[in-house]
Amino acid sequence: MTFPGSLDDRDALRAVRLAGAEPVPLWHGEKWLSDVVAVVLPGGFSYGDYLRAGAIARFSPAMQSVIDGAKNGMPVLGICNGFQVLCEAHLLPGALIRNDHRKFVCRDQRLRIENAETAWTNQYEAGQEIVVPLKNGEGGYVADPATLDALEADGRVVARYLGDNPNGSYRAIAGITNEAGNVVGLMPHPEHAVEELTGPSTDGLAFFTSVLQKLVGIPA
Amino acid sequence: MTPSSAAQRSLIDTVKAAKKSSDAQQPYRELGLADNEYARIKEILGRRPTSSELAMYSVMWSEHCSYKSSKVHLKQFGDKVPVEAKDILLVGMGENAGVVDIGDGWAVTFKIESHNHPSYVEPHQGAATGVGGIVRDILTMGARPVAVMDSLRFGPANAPDTARVLPGVVSGVGGYGNCLGLPNIGGEVAFDSTYLGNPLVNALCVGVLRTDEIKLAKADGPGSKVVLFGARTGGDGIGGASVLASASFEAQGKTKRPAVQVGDPFAEKVLIECCLEIFAADLVTGIQDLGAAGLSCATTELAAAGTGGMAVDLDLAPLRDETLVPEEILMSESQERMMAVVTPKNLSAFMAICEKWDVTATVIGEVNDSGRLTMRWHGEKIVDVPPRTLAHEGPVYQRPIRRPYDQDALNGDHGNGLPRPKTGEKLRSTALKLIASPNLADKSWITDQYDRYVLGNTVLAQPEDAGMVRVTDERWRAEHDGEDSTLGLALATDGNGRYTRLDPYAGAQLALAEAYRNVATTGARPLAVTNCLNFGSPEDPAVMWQFSEAVRGIADGCQQLGIPVTGGNVSFYNQTGTSPILPTPVLGVLGLIDDVTRRTPMAFDQDGHQLYLLGDTRDEFGGSEWAYVMHGFLGGKPPAVDLDREKLLADVLINASRDGLVDAAHDLSDGGLFVALAESCLRGTTGVRVIVPDDVDPFVFLFSESAGRAIVAVPRTEEVRFTDMCTARRLPATRIGVLDVLESAIEVQGQFRLPLAELRTAWASTLPDLFG
Amino acid sequence: MARVVVDVVMKPEILDPQGQAILGALGRLGIEGVRGVRQGKHFELDVDESVSEETLHRLADTLLANPVIEDFSIHR
Amino acid sequence: MARVVVDVVMKPEILDPQGQAILGALGRLGIEGVRGVRQGKHFELDVDESVSEETLHRLADTLLANPVIEDFSIHR
Ligand SMILES: Nc1ncnc2c1ncn2[C@@H]1O[C@H](COP(=O)(O)OP(=O)(O)O)[C@@H](O)[C@H]1O
Ligand SMILES: [Mg+2]
């Protein structure tokens, strides 16, 4: 899905292609999702992130269809800005705020996959450590304690930062899922870890093969 | 009509009025025009200029836009274009950016530009709009921008004002580039007290296009529409171009309006995508970005390069501030604007794409064959000029040149008395102190604020010797079974103010040689050059000598290396009071690699690989980091330049990469061999054991800055092939050690051992300790 | 035409990195006596007289503030 | 202890991209009648009674606002 100001949309298309699926570019202004079976909301600075990251993008015509689809079980992955959009759209709880050190940060980040059963993580092992790029200015995950406790208790924390907390996220949360496990929001960028040549690893590819496994049962 | 604009109307200076009152007093001096320049304007027009015309001439004839002091020198870049490079130059100097042919139907355009003064006034916005401006230059050529780089100079790292300027500049470069989705793949950061009141912010952008898609800035075809699109015009940066660039920044600080422009990277991102869609549909006959001198520049340059005439109705320009008067509209440097020339047939398709991207687009005029650029405001003619006289026929000066009085004294004092470390222990502490010095320390506090991954084609980025991106696109994949291309381009920027102060001719060539070497170290073949010439006042004959020598050095150097200068930028008046900065030509070299999977990275990762030093090491410490850090000393001569040797070294490095003979390579520059070893170890996973060759002084071996050198890590299985190649080509290659995974230190046998953990702490903590 | 101001602040239980950073910088500036700082957003809207309270509330609640982490106040 | 509010807005002649983006979004939200939006910063300070007007002014001028591009107002 491309919003005005999306940046990692081409990378998401490439990752889907490398995972063996056919990527379809979607435009935020088109209400109909044609016949796509899963949606990736990519990283970027939709609408410049001027108000709050993701705050304006969620009102796009296409987002209404994504929200309906997500409620009906369609897999949706929000990466970075996409995660922010999902929170703003209330498909996921909590919010993402300015990094605690107030700087943009780009680095190769170690993560632990905590939940390997979602539509987007079933090709990982629970507890598996991976390295993917992280790059954000507003990546601090926050929510009230009750929400955080509930996320932990339900196993809805999908990935956690290892090593130094890069942005002040509560409980080092890097990604979460909804109750049904079809909607995942993730601050780091698995789509930038799909090729030996351009990424720090190829650890990110399994997010995209996971959804294929989920949809058509073909392990890539 | 609001009352205020009615009042303005009575003040409008029209062509009719100018004809009637040819002797009226005009504030041309305040606008930076000299007496003789004003007289020439009157002569061209056959009357006095209207105030709008005066505004246009003043910005277009400013140093910044007219290159009046530098033109006679820059000519050499054209005169000395190397013969072997002529056929790759699709567009040479003079356009918004040069374009080079890279084969397979692809072309590359790249350019570096300064935004020094605005970055001192408002570091974040100044740097941000610097990136925005250079990206629009690249876009204007019809290219998709694919990467940016930034070359930065600040005052002493521990100076209070550096704590204001540096973080702001870095957040500006990062904020703007990150928001455009352009990977930052490299640059430089250096500190010196001469930059304290005058930091340097040079931004480079590179773009990729198909050879049949090149766009030019020309208004062709009578009847074609002139469309202004992008942001609305506001009052920001009024007078910026002429005032900021033609008088020392300090002197006018209080009297003139602050020339701060605020960037809107989101608007620019949308503008980029909108333009690329317009280009793909082939809807423009000419296009120009609005940068310095805003509308004055865009209209005159488009008209001058095309059919020759243009009529503009200035009332139609969409404004952010309705109180602006024509002079201000013409001088405004509001960001994120473009101007296109569109045939009537294509206009509705053009407008539809703008609408899709929510970009404001307005027809403000029409091309004609009158040979004049005319503008109307509230129904009156306020501008009627021959456009070439603004765009191309500005004043040209042969400024006086004089070798600085202190040059001989400076070159004569070689610092022979500076105490050198003699024992292993002293060498070790020197090494630690150097690696922790701000110029040599880890820059990741800065570069971690830049996105290097976006677009998914970054093969190498900082701290590698050169940035490298894969050249590919949807069209390529469609033609090649969905596979990406393996073609890549590499880029490095370098400049060394101290070397250039000691010898501007050699210093500029050393910067060129280093950027060239950095590109070759990664395995790419150097192809073309861009440059940003940062100097003091051209009215100072000593500065002008530095400038002319540097330009001559670059032109000769490029000719000898066989790579053409395709474009660049001159920034004069970089000084505090009357003290100029160190003369700082920054050179950007573009290279090409057929197969990016063959690139050579800098990290030492392979246990047991043999370490070779390529090139000759001499006792050369003039202008060195060692003299600067340990003794605060600058004197003598910079290291000797040998461009034939640089070519030879590059050939060896490129062949070694292609044939898979080396697994890591790193060029030697500031701080010499020790610093290069440290950087390669800290980037990788192994330590090294180093042997000092018998006949060499360990201090010179470790810290000399002799040019034309690199280190390479050679697998044992390839050692014979590699050394045979060096022997056959007569490149000195000395085995100086071995990579050792268990050692986890730099061990200089018989001298000292420095654990990597200790080294890393010293290297990595300097900038975070200073900037938080 | 009326000028409406909407101020948005983080809920007290949410970390405010900007406010913290300012508090930290005060010491270096030699300014004493400031005990707490919170940074929020300030919007100045020019609206037609016809715009209702409900509309303004909806605007603040859905767009200008994120009620998950922020509180807002409207001053007409 | 006193609550002091400092509001910081872009100078009128300076571009305000934030405000522009919000104005654009209003259409999609179906909210009409809003003619202009400017976005600024809002600070809430808890200060000792002893803190003088001059100190607050200096604080706003050096730390909270960037006087090159922004104006501020202090409400005690
Ligand atoms: N401001 C910057 N922006 C991006 N990359 C930078 C910047 N400063 C330094 N770098 C990167 O850090 C690395 C080391 O820089 P430098 O020591 O100047 O290299 P060299 O001496 O080989 O030219 C290079 O990869 C360079 O591109
Ligand atoms: Mg280098």
Side-chain angles (χ1 to χ4, degrees), chain A residues 2-15 17-18 20 22-23 25 27-30 42-51 53 56-57 80-81 99 101-109 132-137 166 188-200 204, chain B residues 144 167 170-171 173-184 263-271 273-274 356-359 444-462 468-470 472-474 477 482-484 486 488 595-599 768 771-772:
Chain A
T2 300
F3 300 97
S6 289
L7 306 177
D8 303 284
D9 44 347
R10 288 182 185 78
D11 309 291
L13 292 170
R14 177 184 274 119
R17 182 165 41 75
L18 291 176
E22 184 193 345
W27 175 244
H28 80 115
E30 307 280 337
F45 291 70
S46 55
Y47 296 94
D49 278 359
Y50 287 140
L51 178 58
I56 297 179
C80 192
N81 196 230
N99 296 346
H101 46 78
R102 293 167 303 121
K103 296 192 297 285
F104 185 93
V105 58
C106 175
R107 60 148 100 146
D108 299 340
Q109 179 67 44
V132 300
L134 172 88
K135 49 194 188 82
N136 62 66
H189 289 262
E191 83 282 21
H192 284 294
V194 295
E195 281 185 290
E196 215 58 83
L197 186 67
T198 54
Chain B
R144 173 176 280 283
V170 171
S171 72
V173 170
Y176 207 99
N178 296 343
C179 210
L180 292 187
L182 294 177
N184 184 311
D264 180 352
F266 171 62
E268 178 128 323
K269 168 65 179 171
V270 171
L271 195 57
E273 297 300 333
C274 176
K356 169 184 169 190
W357 288 99
D358 218 353
V359 166
S444 38
W445 187 91
I446 292 170
T447 56
D448 281 0
Q449 297 184 51
Y450 303 154
D451 183 349
R452 58 183 177 275
Y453 283 112
V454 67
L455 293 183
N457 290 316
T458 306
V459 176
L460 294 175
Q462 57 273 8
M468 187 181 287
V469 293
R470 173 171 63 189
T472 188
D473 68 0
E474 279 100 26
R477 282 192 294 268
E483 294 287 313
D484 279 309
T486 61
D595 182 356
V596 282
T597 64
R598 287 282 182 197
R599 80 221 177 265
F771 301 107

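Protein chains get the first letters and strands the later ones, always in sequence-line order, with residue 1 at the start of each.
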In terms of heavy-atom proximity below 4.5 Å to chain B, should [X] be classed as side chain, backbone, both, or neither?
X         : result
Glu195(A) : side chain
Asp108(A) : both
Tyr47(A)  : both

Which atoms of [X] come close to chain A, meaning under 4.5 Å heavy atom to heavy atom: side chain ones, backbone ones, both, or neither?
X         : value
Leu180(B) : backbone
Val459(B) : both
Thr486(B) : neither

- [ ] Rounded to the nearest 0.5 Å, what's the gap from CZ on Arg452(B) to SG on Cys106(A)? Could you check?
- [x] 4.0 Å
Task: Spatial distance of atom CD (Gln109(A)) from atom NE2 (His189(A)) [nearest 0.5 Å] - done: 11.5 Å
Taking every heavy-atom pair that is under 4.5 Å apart, which of [options] has the most such pairs with chain A?
options                                    : answer
Leu455(B), Val270(B), Leu182(B), Leu460(B) : Leu455(B)
Val469(B), Thr597(B), Asn178(B)            : Asn178(B)
Val170(B), Asp358(B), Thr458(B)            : Thr458(B)

- [ ] Mind running side-chain contact (heavy atoms from CB on, under 4.5 Å) on Tyr50(A) and Asp264(B) for me, showing each step along the way?
- [x] CA-CA 10 Å; Tyr50(A) 287 140; Asp264(B) 180 352; 2.5 Å; yes
Open item on the list: With side chain to side chain donor-acceptor pair (under 3.5 Å) as the criterion, how do Tyr176(B) and Glu268(B) come out once you've worked through the C-alpha distance, each side chain's angles and the decisive distance to 0.1 Å?
Closed with: CA-CA 9 Å; Tyr176(B) 207 99; Glu268(B) 178 128 323; 3.2 Å; yes
Open item on the list: Check this for me: does any side-chain nitrogen of one of Glu474(B) and Arg14(A) sit under 4.0 Å from a carboxylate oxygen of the other?
Closed with: no
Task: Parallel, tilted or perpendicular, as decided by the 30° and 60° cut-offs, for the rings of Trp357(B) and Trp27(A) - done: perpendicular
TODO: Compare every heavy atom of Ser46(A) with every heavy atom of Asn81(A), then report the nearest pair and how far apart it is.
DONE: OD1-OG, 2.9 Å
TODO: Pick whichever of Gly199(A), Gly43(A), Ala15(A), Pro200(A) has the most heavy-atom pairs under 4.5 Å with chain B.
DONE: Pro200(A)
